[in-house]
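Everything on this sheet refers to the single structure shown next.
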Amino acid sequence: MITDQLSVLLRQAVDSAVKDGELTVGDEPIVITFDTPKNKDFGDFATNVAMLLQKRAGLAPREIANRIIKRLPVGQSLITRVEIAGPGFMNFYLNPVWLYDTMVSIEREDTAYGNGNSRSGERTLIEFVSANPTGPISVVNGRAAALGDCLANLLSAAGAVVEREFYINDALNSTQINLMGISLQLRYLQTLGHTLDMGDSSTDEEEESTPHACAKCGENHIFPKEGYRGEYLVEIAEQMAKEDNGALAALPATDQAAKFRQLASDRMILQQQSDLAAFGVKFDKWFYESSLYEKGEVSTAIELMKSKGYAYEKDGALWLKTTELSKDDQDRVLVRSNDKETYISADAAYHKNKFDRGFNRLINIWGADHHGYVQRLKAGVSSLGYDQDKCEIILTQMILLMRDGEPVRGSKRAGDIIPLVDLVNEIGRDAARYYCLLNSYETTATFDLELAKRQSSDNPVFYAQYAHARAASLLAQAISRGVEIKAAADIDLTLLTDERELGLLRKLSDFPSEVKLAGDFLAPHRLTGYIREVGQALHQFYEECPTLKEGVDPAVRDARIALFNVTRIVVRNLLALLGVSAPDKM
RNA sequence: GCGGUCGUAGCUCAGUGGAUAGAGCAUCUGUCUUCGGAACAGAGGGCCGGGGGUUCGAAUCCCUCCGACCGCACCA
């Protein structure tokens, strides 16, 4: 990156000033950063090091800048001039040759342009979505899915080895799974003609009304108050009853419960897998919580906690000292007084498993409603002897869909959530993914379904894709007119001198650092902002600089065609990072 | 009550302690004998929730108040 070169030159200048006794900077390392000023008059790049050194040097920032600039290779190949501005900024004006070099690198690196190696050696596991197998994937899960997938792309682009994982909470200890099994079982009996008493989930009063005895078998089939009431279970039950002719109902009660529990979770996992596949998110591994129990990893983890003195008995249960290990406000139960482990035990064991597989960075994406659980997991990680800072938790806020100014409500069919597949079917996969990444995950995003479907400029997805289509289509147009598309390296690129051409090139040259920063800050939404800027710069160039029109000098034409080509490459790479398609035509 | 997150243009949101706080949408005004108008150019619109502090400099860091949302299980 060009700023790396500038940093080296600047550091040499500072060192030289120190050596000559013109600057004292102390022992602390000097952090040099360059950013691109918003105002073009402030040069190509600016740095604030002179102001940061003010205290250490005991000099006015402008004077410090002065002494540094004297030692910079100004007027030679790269830097044409450096100005001191405002309180002490150093504004660098560069020879545009570096932009032409960038064009050649973009073509040479092609799909790899934008990638770096700042994270080589990192092995990162991103765990995301991990929805309980009790219902379809919701739009909130979708936000996490798009985010996790994009983060994985970003960290890979920075050189890390990244795996995507979905954790399936399918443990037999799980109250939720048991409820799910019971709910399915009752729906199944209902389709066979048994009388089902749904109770009333909306009131808090305890059930005292007389149960309706089943006309068929005389028993009382009462639907649990906390049961899963979504109608998707009715559909599954009907299908099952049709397939097996009601054979399951003949099983003994305990076998029946276990069977339904298993079937319910198997069905839901398949459903979730297909929901996510439709969204274009693929996981490297679906990790079963139950496997931790089967392999004894949960009890191993608990024994380890005990041996390290972080677990203690109280009230017949086993507790973890989470308050001591992290910032939790009370200790948490590991093993209930009925001898069943809680999810904390399993989760601690799961994260030990992750570390033991060789990952040195763990990222978990959870819904914001789980924030109270962050400290518990960190305590669990610490208690097993791992660095809790290596386990980062990202909390995503809700997503609110609006239609005609009214919030979209969860459907009864889906159990009061909005299924992700419904969103994908309505606005398409690309738009759905793009909107999930449009805002920072820290804010509750609201977005308008009508806008997302609109195929016009006010829709950011189309603006982004249109940039690619326009560039691709110009290249296709050139070919159909018999104009050869030459490699940037074989063209006189110095003919690109218009402010629009240089502006676009500058934008494209930002791409590697934009990718790096989006990864460093775990902030994919930076890219959706950046892609709009690239699109805008392309359209400005397109409007003002004719390429295939009559009367354009062939040498200029070739240089501009090359500019379209490198823009196409950058936009395509950007869309790939976001997981959105890059159409040649729209 | 305790804890967490967040208050930025009419709306939806960006904003690494730095220069005059930005963008999209919406509103208004322009640009088409067009290489894709799904575009471009321009205008209006702000005590960055209030008040203190930290410093050369605060939307950004600290304290406090107000408001919104979320969490506070031997559920996950």
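Below, chain A is the first sequence line, B the second, and so on; all start at residue 1.
Between the CD atom of A:Glu83 and the P atom of B:A19 there is a distance of 18 Å, rounded to whole Å. Distance A:Asn439 CG to B:G24 P: 15 Å, rounded to the nearest Å. The CD1 atom of A:Ile485 sits 13 Å away from the C1' atom of B:C35 (whole-angstrom rounding). Regarding A:Leu475, its CG atom lies at a distance of 13 Å from the C1' atom of B:G36, rounded to whole Å. Between A:Leu538 atom CG and B:A39 atom P the separation is 12 Å, expressed in whole Å. In this structure, CG of A:Leu517 is placed 12 Å from P of B:G15, rounded to the nearest angstrom. Between the C1' atom of B:U12 and the CG atom of A:Leu438 lies a distance of 9 Å, rounded to the nearest Å. For the pair A:Tyr530 OH and B:C13 P, the computed distance is 25 Å after rounding to whole Å.
As rounded to the nearest Å, B:G52 and B:A58 have C1' atoms that lie 14 Å from one another. B:A23 and B:G42 have their P atoms separated by 11 Å, with the value rounded to a whole Å. Between the C1' atoms of B:A39 and B:C32, the separation comes to 11 Å (whole Å). Taking the P atom of each, B:C25 and B:C40 are spaced 9 Å apart, rounded to whole Å. Going from the C1' atom of B:G15 to that of B:A21 covers 8 Å, rounded to whole Å. The C1' atoms of B:U8 and B:G50 are separated by 15 Å, rounded to the nearest whole Å. Going from the C1' atom of B:U55 to that of B:U60 covers 14 Å, rounded to whole Å.
Closest to the A:Ala46 side chain, of the nucleotides B:C13, B:A19, B:G36, is B:A19. Distances from the side chain of A:Tyr343 to the nucleotides B:C35, B:A39, B:A76 place B:A76 closest. Comparing B:G18, B:C35, B:A38 against the side chain of A:Met51 picks out B:G18 as the nearest. Among the nucleotides B:A19, B:G15, B:A76, the one closest to any side-chain atom of A:His525 is B:G15. Picking from B:A19, B:G24, B:C74 the nucleotide with the shortest atom distance to the side chain of A:Val333 gives B:C74.
We find that the ring of A:Phe521 and the base of B:U16 do not stack by the test of centres under 5.5 angstrom and planes tilted less than 30°. The ring of A:Phe42 lies on top of the base of B:A19, close enough and flat enough: under 5.5 Å between centres, under 30° between planes. B:A19 has A:Phe89 stacked on its base ring, the centres lying under 5.5 angstrom apart and the planes within 30 degrees of parallel.
For B:A68, the paired nucleotide is B:U5, the pair qualifying as Watson-Crick or G-U wobble because both relevant distances are below 3.5 Å. Figure legend. B:G36 is base-paired to no nucleotide; pairs are counted as Watson-Crick or G-U wobble with both atom distances under 3.5 Å. With a cut-off of 3.5 Å on both pairing distances, the Watson-Crick or G-U wobble partner of B:C61 is B:G53. Applying the Watson-Crick and G-U wobble criteria (two distances, each under 3.5 Å), B:A43 pairs with B:U27. B:G22 is paired with B:C13 under the criterion used here, namely a Watson-Crick or G-U wobble arrangement in which both key atom distances are under 3.5 Å.
In this structure, A:Asp553 does not pair ionically with A:Arg557, as no charged nitrogen and carboxylate oxygen lie closer than 4.0 Å. In this structure, A:Glu514 does not pair ionically with A:Lys516, as no charged nitrogen and carboxylate oxygen lie closer than 4.0 Å. Remark: A:Lys38 does not engage A:Asp41 in a salt bridge, criterion side-chain N to carboxylate O under 4.0 Å. A salt bridge links A:Lys354 with A:Glu127: at least one charged nitrogen is closer than 4.0 Å to a carboxylate oxygen. Classification of A:Arg403 and A:Glu426 as a salt-bridged pair holds, one side-chain N sitting under 4.0 Å from a carboxylate O. Remark: A:Asp520 engages A:Arg119 in a salt bridge, criterion side-chain N to carboxylate O under 4.0 Å.
Along RNA chain B, the nucleotide nearest to A:Thr33 and the one nearest to A:Lys55 differ in position, and the one closer to the 5' end is contacted by A:Thr33. When the nearest nucleotides of RNA chain B are assigned to A:Asn91 and A:Ser473 by heavy-atom distance, the more 5′-ward of the two goes with A:Asn91.
Aromatic rings from A:Phe564 and A:Phe541 are positioned such that their centres are separated by under 6.0 Å.
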